[in-house]
There are 2 protein chains.
Amino acid sequence: MKVAVKRERDPAELRVAATPDSVRHLADHGLDVVIEAGAGEAAGFTDAAYTASGAEVVTSIDPQTIDLLAHVRPLTAEFIGRLRAGTITIGFGSPTSELAAVAALRDARVTAFAMELVPRISRAQSMDALTSQALVSGYRCALEAAMRLPRFFPLYMTAAGTIPPAKVLVLGAGVAGLQAIATAKRLGARVSAYDVRVASADEVRSMGGTFVDLGLDAIDGAGGYARELAEDRARLQQERLAPCVADADVVITTAAIPGRPAPRLVSADMLRGMRGGSVVVDLAAESGGNVEGSIPGEEVQVAVADGHIVVLGMKDVPSKMPSDASRLLARNISNLVALMTVDGVVVPDFDDEVVRGTCLTHAGTVAHQPTRDVLEGAN
Amino acid sequence: MKVAVKRERDPAELRVAATPDSVRHLADHGLDVVIEAGAGEAAGFTDAAYTASGAEVVTSIDPQTIDLLAHVRPLTAEFIGRLRAGTITIGFGSPTSELAAVAALRDARVTAFAMELVPRISRAQSMDALTSQALVSGYRCALEAAMRLPRFFPLYMTAAGTIPPAKVLVLGAGVAGLQAIATAKRLGARVSAYDVRVASADEVRSMGGTFVDLGLDAIDGAGGYARELAEDRARLQQERLAPCVADADVVITTAAIPGRPAPRLVSADMLRGMRGGSVVVDLAAESGGNVEGSIPGEEVQVAVADGHIVVLGMKDVPSKMPSDASRLLARNISNLVALMTVDGVVVPDFDDEVVRGTCLTHAGTVAHQPTRDVLEGAN
């Protein structure tokens with residue numbers, strides 16, 4: 001069967017859905033791989049390297065000749081319309097925000113798998129792209145903060161006096177938050193963190209952070225993700241977080257709720273309570289923002305009593321480290337393909353909860369219930 | 001006596017020669033401090049904070065009314081011409097590159113101390129501004145490299161496979177180099193380092209780096225600094241470094257020779273031997289560059305077999321972390337002032353080797369022999 005790998009068209013997307021290593025993995029399962037010329041260039045993988053790994057490099061993919069398509073960003077409705085019925089696609093699908101594309105996948109009778117939907121169970125860990133990309137994002141947030149702080153992260157005891165370590169506060173202790181904690185800690189900062197989920201306290205501590213207990217009841221959502229809070233509870237949370245934010249040199253926010261806007265954790269008032277020179281990094285800027293006034297891809301200065309602080313809205317974060325981000329994502333994808341491949345043929349077994357859970361559209365229907373509900377409501 | 005602190009005029013200079021903390025230190029020694037309004041703004045120290053620490057904030061300094069002037073960058077000949085004879089100045093003097101300013105200090109009969117000249121002896125460590133600022137620079141170089149590498153620094157063992165740690169090579173293991181090693185190591189990179197000085201091998205190891213032995217005889221200069229190499233030896237060094245450079249994901253060069261152009265460690269050929277995506281950071285770019293083709297303040301792309309690498313020429317590095325850089329520098333300066341202060345009066349004791357060694361001009365003569373030699377040769 002022929003697996004095709006797209007060159008991403010969005011200039012902000014530097015990742016690629018296959019690497020020479022993942023091509024070999026697919027070939028080991030008896031699959032033929034074609035990849036568009038230049039697909040890996042921005043991520044540091046040359047056409048020559050793909051050829052050497054056994055892929056065929058082509059100028060452009062003919063959608064009528066392929067059996068499976070691997071991609072990073074959601075496909076366009078236009079491109080989907082050119083696929084044959086029964087083609088399998090695997091990549092990010094943004095199920096609830098790319099409704100036109102989902103409808104196109106359904107109408108084209110494509111069997112689409114959305115990497116966002118990989119169930120959070122042990123057996124699917126090797127395919128969990130949200131986790132692998134969050135690893136990149138969390139690490140990156142800590143670096144971005146360190147670059148913008150006019151101070152050191154580590155403690156320095158010098159002949160000219162002692163420089164105390166920076167105080168880093170991480171809000172949201174999922175995969176990205178935990179990596180931000182670990183990275184800030186590695187750099188020598190004093191790190192504390194908060195999350196609404198009760199399980200996160202031990203995880204924060206295991207990364208070397210101090211868990212901030214706001215004295216609120218814990219809240220856990222499904223699958224280890226957080227869920228939305230009632231309004232009064234959100235307000236109380238902000239009130240109790242305010243002094244922690246004011247005391248921090250760096251605040252990194254990473255709170256996300258799948259399929260929902262990001263929760264507002266830090267208000268403009270809380271920002272104004274910070275010390276001049278402090279840095280706020282909002283990883284959730286693209287999904288609405290944990291921080292009031294953050295703008296994706298921009299650095300906003302906010303006036304405070306003794307100067308100003310910087311609020312950085314993160315955007316396209318995995319593309320800032322496209323090489324390793326692609327390595328992990330491509331392997332997530334090839335692992336999912338491998339799971340569905342029997343004797344060189346990709347045959348999704350919908351009795352497998354990983355396959356079933358990850359499926360977005362199949363045989364002319366939207367398989368993912370919440371997306372179907374939204375789509376039908378929208379029609 | 002009246003100590004004045006200048007607001008730096010160069011827009012690239014964000015440091016300040018005194019902080020509220022160092023003002024208190026000077027006041028404890030019976031000195032009155034005046035500081036120009038806004039002097040600490042870019043470094044995060046407000047006029048209000050200086051006032052609270054006991055300084056008088058003035059719109060501009062009247063050079064005719066002050067006894068001692070603390071500054072960061074070398075003074076201009078124009079400003080020096082307005083100082084009274086016998087005024088003491090303390091700051092960076094760039095003795096061998098700011099000859100017009102040195103001549104002006106001499107002719108104005110100013111007693112000038114250049115922080116570059118602080119002797120490298122234990123007793124003077126608390127005044128050693130080259131060391132304190134190199135601490136900032138070395139840390140910063142490692143961060144700049146980590147930000148530009150399309151990969152992680154640390155090892156990650158994930159469900160989607162293992163990401164090996166980045167390989168960082170540091171050339172020049174003085175204070176800045178050792179801090180670059182320590183910071184890259186903290187971030188989880190695999191770090192190796194090279195220096196011509198024999199003493200550096202143990203220091204590199206103490207920071208967690210692997211010392212690269214090129215099988216060349218060791219060379220040590222005066223005061224723990226490196227000195228220039230003969231041409232054939234420099235060539236041999238490049239030859240033997242080439243495979244180490246080719247193997248590295250990141251190269252950070254920090255080799256400097258006081259008063260001389262930076263040694264050329266990495267040639268264009270060596271750059272072309274690197275892997276695509278690799279990052280080279282040249283801390284010595286402003287003094288001629290350790291790396292062929294590096295440009296201060298710019299990021300140069302160099303084509304290699306499988307893509308391109310980035311060569312970053314560093315510029316004004318301590319100003320990238322002006323708050324902590326100023327904290328250390330201001331304390332270096334106030335410690336030197338304190339050393340020379342008796343009963344509230346600054347009286348340089350030229351029998352003290354620290355005072356004598358740091359003195360650039362005094363009583364109408366250039367006290368620093370090498371600078372005098374250059375100046376007299378230039379006249």
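Chain identifiers are assigned alphabetically (A, B, ...) following the order of the sequence lines, protein sequences preceding nucleic acid strands; residue numbering begins at 1 within each chain.
In terms of non-hydrogen atom pairs under 4.5 Å with chain B, the most contact-rich of G276(A), A48(A), A146(A) is A146(A). Between chain A and the options P322(B), A325(B), S319(B), the largest number of non-hydrogen pairs under 4.5 Å is found for P322(B). Of the listed residues (G161(A), P154(A), G277(A), G188(A)), the one with the most heavy-atom contacts under 4.5 Å to chain B is P154(A). Among the candidates V136(A), N335(A), L14(A), D21(A), the residue making the largest number of heavy-atom pairs closer than 4.5 Å to chain B is V136(A). The greatest number of non-hydrogen atom pairs below 4.5 Å with chain A, out of A49(B), P150(B), A159(B), is found for P150(B).
To the nearest 0.5 angstrom, D306(A) atom CG is 12.0 Å from D47(B) atom CG. Between L328(B) atom CG and T162(A) atom OG1 the span is 10.0 Å, to the nearest 0.5 Å. Here the straight-line distance linking atom CD of Q179(B) with atom OH of Y156(A) works out to 3.5 Å at 0.5 Å rounding. Within the model, atoms NZ of K185(A) and CZ of R186(B) stand 10.5 Å from one another, a figure rounded to the nearest 0.5 Å. Here the CD1-OG distance, from I163(A) to S323(B), works out to 8.0 Å after rounding to the nearest 0.5 Å.
Side-chain atoms of Y139(A) come within 3.5 Å of backbone atoms of F153(B) as a donor-acceptor pair (strictly under, hydrogens ignored).
Here the shortest heavy-atom pairing between A160(B) and S126(A) reads CB-O, 4.1 Å.
With a 4.5 Å cut-off on non-hydrogen atoms, E41(A) does not touch chain B at all. Interface residue R140(A): only side-chain heavy atoms are found under 4.5 Å from chain B.
By the 4.5 Å heavy-atom criterion applied to side chains, L143(B) and L187(A) are counted as neighbours. For the pair K320(B) and M147(A), the minimum side-chain heavy-atom distance is 4.5 Å or more. The closest side-chain heavy-atom distance from R327(B) to R151(A) is below 4.5 Å. Side chains of L135(B) and F152(A) form a contact here, defined as non-hydrogen atoms less than 4.5 Å apart.
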